[in-house]
Amino acid sequence: MPSPCLRSLPSRLVPLVLLGLAGLARSAPPARDVEPRVNELLARMTVEEKIGQLQQLDSVPNTWAIRDEHRDLASRGLVGSFLNIRGAKAINEAQRLAVEKSRLRIPLLFGFDVIHGYRVIFPTPLAEASSWDPAVAERAAGIAAAEAASTGLKWTFAPMVDIARDPRWGRIMEGSGEDPYLGSVLAAARVRGFQGDDPAAPDRVLACAKHWVAYGAAEGGRDYNTAELSEHTLRTTYFPPFRAALDAGAQTFMCSFNTIDGVPASANPFTLTKVLRDEWHFDGLLVSDYESIKEMIAHRTAADGADAARQALNAGVDMEMVSRLFAEHLPKLMEQGKVPPAKLDEAVRRILRVKFRAGLFEHPYVDESREAKVVGAREHRAAAREIAARSTVLLKNDGGLLPIKPATRAIAVIGPLADDPDAPLSHWRGDGRVEDTVTLFAGLRSKVQGRGDVQVTYAKGCDIEGDSVDGFPEAVRLARQAELAIVAVGESSAMSGEAGSRSSLDLPGHQLNLVKTIQATGVPTVVVLYNGRPLTIGWIADHVPAIVEAWLPGTEGGNALADVLFGDVNPGGKLPVTFPRTVGQVPIYYNALSTGRPAKADNRYTSKYIDLPSDPQFPFGYGLSYTRFELSSLTLSAKSIAPDGKLTVSVDVKNVGDRPGDEVVQLYLRDEVSSVARPVKELAGFRRVTLPPGGTQTVRFELGPDRLGFLDANLRFVVEPGQFQVTAGTSSVGGLTEGFEVAGP
Ligand code: GLC
């Protein structure tokens, strides 16, 4: 076996290098040196005031006001942060308690889950990931930040950067899918969008990389469940997007609910201190998840609240979300010598540092006149419409059924998701309002407004779930009167997101029967999917001529889909996550290992199911267009490079169809032989290009040690000599392939 050539970098550098960090070098807030101010303030604080900064408290549910019992704590400087208080007036009022009444006047930090929009809701992060366009993610995060900041919020609990390979897990909708590289690029883009160059700017907020770490590896896809994986897998699959977020300047992290190697993430010295602080030198604050410190008692790794508080603070949690164990137990734990004063001081220092960097001491209050101008602005909705269209994936289009032909005069819009204003906003809808949502039916009617000759009718057909099929006859009647039936099916907002794990990936209720019934009328049928996660849609994929993956497209989803269905936008999205054929295939993801018996259809004794093909329904990176593209001239700058060398890979992409369109050129790397098994292929680069009919573009990628290397059995970063392959494709299946070698010493 060739000896490692790129002698090991300290493992702390691995995620940094693994990410193909071109341009992802760490960005930090302005050089405004806050340390002297932090230390001066810290020196004046009492132990009680220090412990107070570690406390984050919740608002009154539904009214989102500060709780009466918290007012006194805030005015005595015994709270560091609130979550879920909403509105500039309410936030300023709560802020005055701390800034004008407490002894040291330390401002409060107001946080909220602005996951994919504040009032204007963008497509879910998984949908945005389908755009394969970091500019989309950055733009959406920037608008969300501007709206949130105009209300006095200065912290969003986003981006969620958990890699997810199990679509039964409801929170797969909240991340960027199954690939560490795509997830890393998008994590960095979202942090840049939220924080900008300076999170103290009036239209920016602090980002929060969550959930640290491996929350998406929950066994069985069951939320909050055990994550059992090797350090090698942690470092190569789950860490990279967090490292990318950190290198993009993320000022906060949030730990996860799960255990890692049997140790809850809320008290895991390896992840919280060894990796995050000692290896990565993260100097911002780490907040627990919602009462996750208290949950250590339920994990049965803490005997009581005092034990949980001791473990969490000593392991590296700085701020406790909602539960009050730090407040209740730290004074005595410190008297008992179970928590060193230095641990408390370090946590407070990090919190003060982030507050200074957020500009809270200079500007603790928000200008209350801005909220009405910024929140829900027309230009934000226009951006949401563009981004939703750019995030749409065309999964099937047999016979060119789409885009809707100009001569079409009667369109039947059918299904429980066709006019549902709630689902498109998802479980994580921030301050989104159902009444703002443009549904598919509304978007289509709006599109044909003024064209008296076109009729768009609507029938729900059935509910998203439940036994009733009473609506089928009306749906069939309208379909029979139409030239085209568009059937919108999928999931409700509650069927994904937090605590939204499903044991089945099938369409709930009688939705599939509705599709079959409409298809059976013989009217040309398009299925539009509104879903938070990959679904198992085998019958639809086999029988329905056109399928559009809309995901949960946000406030402007209906207009965006109308743009796509009528061809005003040519869909160019690609799947950031694999669609399994059945839930029994899960986990199934493109960047899997070969195994010693790679699946062969004609050989029983290989790694496969005897009752199912081994390939997915739709692969990672897959998506169609209304035009067609061809790749050619895959060219490598060399056939052999040194281990620390770089390889330039170029490929031509041509629009061979009759309308402008986008293609996502994807570059995959395969290391033929390595000392530790590597995936059968690994995404190493991607570029979304727009081309006119007949247009050609040469796309270039540069591959260096950061992409060629991997973690060896000793967790050292190495580039091993040997044979490699690069494949340029338009999905993770197929493409043009060329080999090259990394030369030995
Ligand atoms: C929730 C989620 C977390 C969120 C937090 C505050 O339980 O796990 O992602 O940011 O609580 O709402």
Side-chain angles (χ1 to χ4, degrees), residues 55-62 64 67 79-86 108-118 124-126 141 144-145 148 153-164 169-176 187 190-191 194 205-218 221-227 238 241-242 245 250-260 264-266 284-296 298-299 312 317-324 425-432 493-494 496-501 532:
Q55 181 73 67
Q56 181 180 66
L57 295 173
D58 203 348
S59 69
V60 177
N62 301 318
W64 317 121
R67 296 183 186 185
V79 186
S81 170
F82 281 100
L83 74 151
N84 294 329
I85 294 183
R86 262 183 249 173
L108 294 161
L109 178 56
F110 292 90
F112 183 41
D113 291 289
V114 184
I115 309 299
H116 55 107
Y118 176 79
T124 59
L126 191 64
L153 291 167
K154 204 58 192 174
W155 187 14
T156 177
F157 304 128
M160 186 273 218
V161 300
D162 301 307
I163 294 295
W169 190 51
R171 300 196 77 162
I172 193 170
M173 53 71 69
E174 207 177 327
S176 297
R190 290 193 172 109
V191 168
F194 287 129
V205 295
L206 297 164
C208 181
K210 72 181 187 183
H211 305 77
W212 179 247
V213 64
Y215 185 25
R222 285 204 315 280
D223 211 349
Y224 317 116
N225 202 10
T226 305
Y238 293 88
F242 286 93
Q251 287 299 299
T252 75
F253 270 51
M254 180 187 295
C255 63
S256 54
F257 287 117
N258 54 287
T259 53
I260 303 152
S266 300
L285 76 84
L286 184 129
V287 64
S288 77
D289 202 337
Y290 204 100
E291 298 203 323
S292 66
I293 295 175
K294 187 175 175 183
E295 289 182 7
M296 283 161 46
H299 277 294
V317 176
D318 300 314
M319 184 178 276
E320 180 175 11
M321 184 185 284
V322 180
S323 53
R324 303 219 350 99
L425 304 185
S426 104
H427 169 87
W428 287 111
R429 60 189 59 196
D431 198 52
S493 59
S496 62
E498 183 172 357
S501 299

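In listed order, ligands and their atoms are each counted from 1. All values below come from the heavy atoms of this structure, side chains included, with hydrogens, waters and symmetry mates left out.
- Within ligand 1, the atoms closer than 4.0 Å to a non-hydrogen atom of Met254 are 3 (C), 10 (O), numbered from 1 in the order shown.
- When atom types are taken as modelled, the side chain of Asn258 and the backbone of Val213 share a donor-acceptor pair closer than 3.5 angstrom.
- Between the side chains of Arg171 and Ser501, no donor-acceptor pair is found at a separation under 3.5 Å.
- Here the heavy atom of the protein found nearest to atom 1 (C) of ligand 1 is Glu498 OE1, 3.1 Å.
- At a heavy-atom distance under 4.0 Å, only side-chain atoms of Arg171, from C-beta outward, approach ligand 1.
- When heavy-atom distances to ligand 1 are checked against a 4.0 Å cut-off, Leu83 comes that close only through its side chain, counted from C-beta outward.
- Under the 4.0 angstrom criterion for non-hydrogen atoms, Met160 is not in contact with ligand 1.
- Side-chain atoms of Tyr224 and Glu498 include a donor-acceptor pair closer than 3.5 Å.
- Of all protein heavy atoms, the one closest to atom 6 (C) of ligand 1 is Asp113 OD2, 3.3 Å.
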**Item:** Verdict with reasoning, Glu320 to Ser323, per side-chain hydrogen bond (donor to acceptor under 3.5 Å, both in side chains)
**Value:** CA-CA 7 Å; Glu320 180 175 11; Ser323 53; 2.5 Å; yes

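- For ligand 1, the atoms closer than 4.0 angstrom to any heavy atom of Lys210 are 3 (C), 4 (C), 9 (O), 10 (O).
- Geometric assessment of Lys210 against the ring of Trp155 yields a negative cation-pi assignment under the 6.0 Å and 45° thresholds.
- By the 30° and 60° cut-offs, the orientation of the rings of Phe253 relative to Phe242 is tilted.
- Looking at atom 3 (C) of ligand 1, its nearest protein heavy atom turns out to be Asp289 OD1, 3.4 Å.
- The ligand atoms of ligand 1 that sit less than 4.0 angstrom from a heavy atom of Phe157 are 10 (O).
- Across all their heavy atoms, Val114 and Phe194 have their closest contact at O-CZ, 3.6 Å.
- The distance from ligand 1 to the heavy atoms of His211 drops below 4.0 Å at these ligand atoms: 3 (C), 8 (O), 9 (O).
- The Phe257 neighbourhood of ligand 1 comprises atoms 7 (O), 8 (O), with distances under 4.0 Å to a heavy atom of that residue.
- Of the possible donor and acceptor atoms, none in the side chain of Asn225 sits under 3.5 Å from a partner among the backbone N and O of Ala218.
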